[in-house]
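All chains are named by letter (A, B, ...) in the order of the sequence lines, taking the proteins before the strands, and each is independently numbered beginning at 1. The figures that follow rest on heavy atoms only: side chains count, while hydrogens, waters and symmetry mates do not. All values reported here derive from a predicted model rather than from experimental measurement.
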Amino acid sequence: MALVTILDPSSLVGSTTDDPGPDVQWLSGRKVGIRVDILWRSWDWVAEEWARLLEADGAQVTTWRAQGRTGEAGDKTLAELSSLVEEVEVMIVGLGNCGSCTSWTIHDAVFAAERGRSTVAVTTRHFERLGRGIAAQKGRRGLRIHVLPYPLDTRPEAEVRQIARQHYPALLKRLGVDV
Amino acid sequence: MIAVLPPRNANCTVERLAINAAMTLAPVEAMPLMTTALEAMADPAFALHALNATTGSVVPALIVNGPVARQLDIPAGAGCLGGVAGAAPAIGRALRLVMRNIAGQLIGVTSQSVYGQPGRVAGIVFAEWEEMSPWAPFAERRGVSGNAVTVYGAMGTTNICDLVADTGAGLLEIIGKSLAYPAANGFLTSSAFSETLVAVNPVWAKLIARDIPDVAEVQALLWKHATLPLDWWPEPYHEPFEKAGRILPGGTVPLVPSAEHVFVLVAGGEGNLHAAALHSWGDTRTTTRPVSHAA
């Protein structure tokens with residue numbers, strides 16, 4: 001009888017944790033970083049609304065814009081991210097609203113979470129599954145992900161800002177703020 | 001281990017590559033080429049995690065230079081971008097299987113590609129026709145002499161056809177202008193960086209070099225012509241271009257940041273009439289490595 005050996009063409013992946021990281025608990029006096037990018041005007045509007053509400057709740061908000069990701073520009077972006085994460089206690093990272101920008105969103109969120117920051121990544125509904133999958137593959141299956149409606153970027157500014165305000169309480173809950 | 005490949009961030013070993021290559025009947029002699037190509041794709045500058053996840057149609061194309069291209073029968077002439085019998089589709093397919101089986105790139109799951117492209121099936125694997133090129137080999141111009149592989153994030157292949165131009169300058173003008181369309185990757189207001197690649201057939205290359213022997217000048221002319229007036233875009237696009245500092249003094253927007261980011265090489269059949277443009281994806285940076293591993 002012939003013996004047939006079937007070889008596995010795939011590879012095993014490393015372990016992943018369900019730990020979402022520390023809860024924020026309270027906002028007053030906390031330093032919060034919001035990461036925006038150069039892709040989504042809608043995310044700029046959401047970030048502005050959330051920054052205003054966070055500051056009204058006593059937080060100190062720094063908004064940082066991620067730009068080039070390769071070459072010297074990429075080195076500069078990573079250095080800026082690193083500095084921001086050093087400064088803040090809480091990171092809100094978005095927006096996962098396409099394939100690559102979801103990958104970069106999770107990349108930056110995991111970067112912050114691994115440094116012990118209370119972190120939430122933000123995606124739109126269509127890209128939630130991708131975001132959760134990438135987070136798990138990066139070893140952070142428990143990464144907090146807040147999901148905004150999809151599509152988002154084609155909605156009028158006033159509607160997007162209203163969505164941001166409506167989502168604010170849920171964002172705080174996801175971050176573990178004691179409301 | 002060859003490399004850690006995203007999105008799964010799995011270790012790609014020589015053994016796992018060989019298993020995938022065996023399924024496509026890729027020649028064992030191509031293992032050094034495939035190994036080097038995977039190492040190049042894993043270079044952080046190539047941003048493979050983003051490339052594999054994107055909504056775009058991008059696939060890493062392989063451009064082979066040096067004697068290894070002949071040894072492996074990698075096509076450089078007629079039909080080099082697809083359709084020639086030989087090992088290239090098997091090599092390309094093996095690397096595509098590595099992306100699926102090891103890296104974990106799955107359409108609808110970890111890849112959000114809206115359309116994909118034919119190159120995602122059996123890759124885009126071709127060589128430069130160095131013997132027919134009036135210029136130094138492409139990889140050598142990128143700092144790697146001899147056997148080399150360049151990985152380039154290709155959104156697809158675009159044909160450029162012309163029957164009128166009879167000078168080098170005329171050809172470069174029509175090719176350059178053909179590279180520039182408003183929604184090309186390089187014109188995305190979110191593209192902090194981009195490249196573009198032109199494969200010129202040997203007949204056109206000879207004509208171009210007759211008039212413009214310096215390839216750097218060829219690149220400069222292509223770059224100059226691959227621009228569009230700002231007013232080709234609707235008003236909402238103007239502010240992002242201004243903020244990104246993308247508008248030239250004459251009120252035009254270049255496809256790529258500078259002439260060095262217009263890659264030119266010689267490939268294709270001697271029937272001439274056509275060039276091929278391969279636009280880059282995102283801000284992925286092209287990576288060239290020497291093929292030097294023992295088979």
Side-chain angles (χ1 to χ4, degrees), chain A residues 5-16 36-41 43-44 65-78 95-108 110 123-124 126-140 150 153-154 157, chain B residues 1 4-13 15-23 43-56 58 94 97-98 100-104 106 108-114 188-194 236 239-240 243-244 281-287:
Chain A
T5 302
I6 298 175
L7 301 174
D8 182 358
S10 65
S11 277
L12 297 174
V13 294
S15 60
T16 187
V36 296
D37 54 34
I38 55 173
L39 285 99
W40 312 116
R41 58 186 175 180
W43 177 233
D44 277 11
R65 190 175 299 279
Q67 300 197 50
R69 303 304 311 225
T70 60
E72 289 181 10
D75 294 342
K76 179 171 177 282
T77 295
L78 195 57
L95 177 70
N97 191 40
C98 68
S100 56
C101 65
T102 300
S103 192
W104 281 116
T105 290
I106 301 301
H107 173 278
D108 290 355
V110 167
T123 73
T124 52
H126 184 79
F127 295 97
E128 177 189 4
R129 184 183 181 200
L130 175 65
R132 293 196 187 285
I134 293 172
Q137 288 166 350
K138 286 183 177 293
R140 304 287 306 199
Y150 178 84
D153 214 53
T154 51
E157 180 176 350
Chain B
M1 190 182 80
V4 175
L5 299 177
R8 188 180 282 159
N9 294 320
N11 293 339
C12 180
T13 62
E15 179 193 25
R16 299 291 162 158
L17 168 60
I19 294 169
N20 284 279
M23 291 194 290
D43 187 311
F46 198 66
L48 185 63
H49 74 90
L51 184 148
N52 275 344
T54 181
T55 51
V58 60
L97 288 182
V98 166
R100 179 186 295 176
N101 293 328
I102 299 175
L106 300 173
V109 183
T110 54
S111 167
Q112 296 295 313
S113 184
V114 174
L188 296 184
T189 55
S190 60
S191 289
F193 173 83
S194 61
E239 185 182 346
K243 278 185 176 176
W281 172 82
D283 59 357
T284 282
R285 289 174 193 251
T286 298
T287 306

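With sequence neighbours excluded, the residues that form a side chain to side chain donor-acceptor pair (under 3.5 Å) with Arg65(A) are Asp44(A). Under the ring pair (Phe, Tyr, Trp, His ring centres under 6.0 Å) criterion, Trp43(A) pairs with Trp50(A), not counting sequence neighbours.
Neither the backbone nor the side chain of Asp37(A) has a heavy atom closer than 4.5 Å to any heavy atom of chain B.
Between Glu72(A) and Lys76(A), none of the side-chain N atoms (NZ, or NE/NH1/NH2) sits under 4.0 Å from a carboxylate O, so this pair counts as no salt bridge.
When each of Arg69(A), His107(A), Gln67(A) is scored by its heavy-atom pairs under 4.5 Å with chain B, the top score falls to Arg69(A). The residue among Asn11(B), Val109(B), Leu188(B) with the most heavy atom pairs within less than 4.5 Å of chain A is Val109(B). Chain B forms more heavy-atom pairs under 4.5 Å with one residue of Arg41(A), Lys138(A), Arg129(A) than with any other, namely Arg129(A).
Aromatic ring orientation, His126(A) versus Tyr150(A): parallel (interplanar angle below 30°, classes split at 30° and 60°).
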